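Labels below follow one simple rule: chain letters A, B, ... track the order of the sequence lines, proteins then strands, and each chain is numbered from 1. Remember, predicted model here, so these are calculated numbers, not experimental data.
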Protein chains: 2
Amino acid sequence: MAKAPTVEDVAAHAGVSRQTVSNVLNSPDIVRPATKQRVLDAIDTLGYRRHAAARRLRLRRSSTIGVRLDPYVGGISGVVLDRFVHAITDRASERGMRILVYAARTTQDELTRLSELWEGSEIDAAIISGTFRDDPRVDHLDAEGLPFISFGRPWGDDDMVAPRHSWVDVDGAAGTRSATEHALHFGDNVAFFGWPPGSGTGDDRERGWRDALRSAGARGERVIAEDSVPHARARFAAALEAGLTADALVCASDSLAVGALLACGDARRQLPVTGFDNTPTAEALGFSSVEQRPEEVANAVLELLMGPTGDVVTQSCVGSGAAHALIVPELVVR
Amino acid sequence: MAKAPTVEDVAAHAGVSRQTVSNVLNSPDIVRPATKQRVLDAIDTLGYRRHAAARRLRLRRSSTIGVRLDPYVGGISGVVLDRFVHAITDRASERGMRILVYAARTTQDELTRLSELWEGSEIDAAIISGTFRDDPRVDHLDAEGLPFISFGRPWGDDDMVAPRHSWVDVDGAAGTRSATEHALHFGDNVAFFGWPPGSGTGDDRERGWRDALRSAGARGERVIAEDSVPHARARFAAALEAGLTADALVCASDSLAVGALLACGDARRQLPVTGFDNTPTAEALGFSSVEQRPEEVANAVLELLMGPTGDVVTQSCVGSGAAHALIVPELVVR
């Protein structure tokens, strides 16, 4: 790669000192107009590009946020995280921040990459996602001093009152509650199709369904499957075979919803089904689904991370100053 | 944000000159071991982080490639470009390169952003996508001197023999040819469901179907729709109503395929359908589809852009030295 022209080249071409070039770039008001014009002409002629790294070095800031982009694994729900990355990219650029994406295959890999980027001052902050209980990333990033925020809550008892770190999440229970309230229009027997118990996200979504049933004095069975269409199809077919009755079905994901719809098709049963994530698949097949609003998540993440002034808020990402935002999802009825 | 320790701080703490610290960092062999140890201890104690911007400034390189990430617009095929970005991120990091994603809403917007990033030395190269005939980005980026490569061919008559710029694309015609050859197992009447004529990609995919029919001495009708499920469903329903006969159907996209499948379901018709893009929707619904292999595209893009040595190959991206790679897609039969 050809070496780009330097400040020295500009100075030599304009017949001025290096300091004068620097003044034109940094304090143009103190340079005489004729000299300034000569320097600007030299910059133009040589195609000198002011090096952002110089500015960043001076500020000791990169104005860059690191975001992990997992290798693609397929499945219809991966689009939610991709939409979030799209939205973060869009909103960050409005705030003059850059987004650097990096690949990682494991949590350890992720931490190694983040440390490299932080130690090289290539990022000022990180956004992590897919949080789980006792997530090792929290202590690690805290110890490194790297400001971070998570898309996903810590899943501890103190989530809301004294969160361990700043986070933004989607209120899954509110989503399934609203889906269940809508489903109750079809009758007072609303089943739930969820994941095996134990995951924070899954339990939260099941809770919204239970709450809505209790409030309405309604009832409904729960069916469980892993989050894959073939598995969901087989499990739901078995449930129908075993005599499941329901006026409508609320699902913890669009994958489960597609599996249920295919099983209903196989059994020539009609059942109103609501999914979760509002993926392109839900749109294509025309079933209702709960929309996570990743664009709102992205807004809240940047707001909490950067504050209203746009500076990265280092001190409030971990510990007592930590803040959080819970985005209310939206039922898209089809 | 607290100011990070500087080289001066390290020098003061170790009781050495700034130059000695710099020598320890850049030419450790010329520093006496005891002095070196004192400087390394000071670096450790103060938590000095060597600033990547300094290294980049010295090299006048950013080791970063810019990739546009469009705002999310929905639809089931957007996942192909996302998969490509995932793969580029993964492969670039193996080569020690960073990926900076940026948002743009229009071609002009994209060029403005790229110019900013290039002028600030924040990127060494760019990857563009969604190329079209007489794409204004080619002349613009060439004039700026920004090395670039496109995912998508120039769509000119000289694509293969003397491409205007370096590119990697997927051989769409080979994909539909292979889908059609497979469909001919169901009978010698294979219909094609495509987009309105005039788009490079769409015409290319139609050509593969025609070629396969001709080779086999078979026949088939062509149905046209815009790339949305509801539109495709309505158009295909109308075609069935008008007496379309076919033993199988090859489609230019998974959106068209879903529309055709829904229309067949409405009309209680059974028809083997093959889509294009192998989206999660195709996987979920279980129909065959042509897989673009975006991971192979990413490999080829980096190979052409960086060469075997890993340096950005500036001189061969535009004009007579331009190179290209055509990835053969793979039919996934379900």
Side-chain angles (χ1 to χ4, degrees), chain A residues 1-4 6 47 49-57 60-62 64 69-72 74-79 82-83 85-87 89-93 98-103 113 118-122 124 145 147 229 255 258 262 279-281 283-286 294-295 311-312 314, chain B residues 1-4 6 47 49-57 60-62 64 69-72 74-79 82-83 85-87 89-93 98-103 113 118-122 124 145 147 229 255 258 262 279-281 283-286 294-295 311-312 314:
Chain A
M1 194 173 180
K3 209 169 151 79
T6 63
R49 297 182 295 122
R50 191 174 191 184
H51 205 284
R55 183 174 52 77
R56 293 182 171 182
L57 186 59
R60 300 199 70 73
R61 291 198 44 179
S62 66
T64 303
L69 210 54
D70 287 317
Y72 175 81
I76 65 181
S77 294
V79 71
D82 282 340
R83 276 178 65 183
V85 175
H86 282 258
T89 302
D90 194 37
R91 303 297 149 85
S93 101
R98 311 289 186 215
I99 297 295
L100 190 150
V101 288
Y102 66 93
R113 295 303 312 278
W118 173 238
E119 281 162 20
S121 289
E122 296 187 78
D124 291 336
V229 172
S255 299
V258 171
L262 292 173
T279 60
T281 305
E283 195 191 333
L285 296 185
E295 292 75 16
D311 263 331
V312 172
T314 57
Chain B
M1 194 171 180
K3 209 168 150 78
T6 63
R49 297 183 294 120
R50 190 173 194 188
H51 205 285
R55 184 174 51 78
R56 291 180 173 181
L57 186 60
R60 299 199 72 73
R61 290 199 45 179
S62 66
T64 302
L69 210 54
D70 286 316
Y72 175 81
I76 65 181
S77 295
V79 70
D82 282 340
R83 276 179 63 184
V85 175
H86 281 258
T89 301
D90 193 37
R91 303 297 149 85
S93 101
R98 311 289 185 213
I99 297 295
L100 189 150
V101 287
Y102 65 94
R113 295 302 314 278
W118 172 238
E119 281 161 19
S121 289
E122 296 187 77
D124 291 335
V229 172
S255 300
V258 171
L262 292 173
T279 61
T281 306
E283 196 190 332
L285 296 185
E295 291 75 17
D311 265 329
V312 172
T314 57

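Both the backbone and the side chain of A:Ala284 come within less than 4.5 Å of a heavy atom of chain B. Heavy-atom distances place both the backbone and the side chain of A:Leu69 under 4.5 Å from chain B. With a 4.5 Å cut-off on non-hydrogen atoms, A:Val101 touches chain B through its backbone and its side chain both. Neither the backbone nor the side chain of A:Arg91 comes within contact range of chain B; no heavy atom of the residue lies under 4.5 Å from a heavy atom of that chain.
Applying the salt bridge (charged side-chain N to carboxylate O under 4.0 Å, His left out) rule to B:Asp82 yields no partners; only residues at least two apart in sequence or on another chain are considered. With sequence neighbours left out, the side chain to side chain contact (heavy atoms under 4.5 Å, CB included) criterion links B:Pro280 to A:Tyr72, A:Ile76, B:Val79.
Annotation: maximal heavy-atom pairing with chain B below 4.5 Å, among A:Ile99, A:Val229, A:Leu285, A:Leu262, occurs at A:Ile99.
Atom CZ of A:Arg113 and atom CD of A:Glu122 lie 9.0 Å apart (nearest 0.5 Å). For the atom pair CG (B:Asp124) and OG1 (B:Thr64), the distance works out to 6.5 Å, reported to the nearest 0.5 Å.
Pairing each heavy atom of A:Pro147 with each of A:Trp118, the nearest pair is CD-CH2, 3.8 Å.
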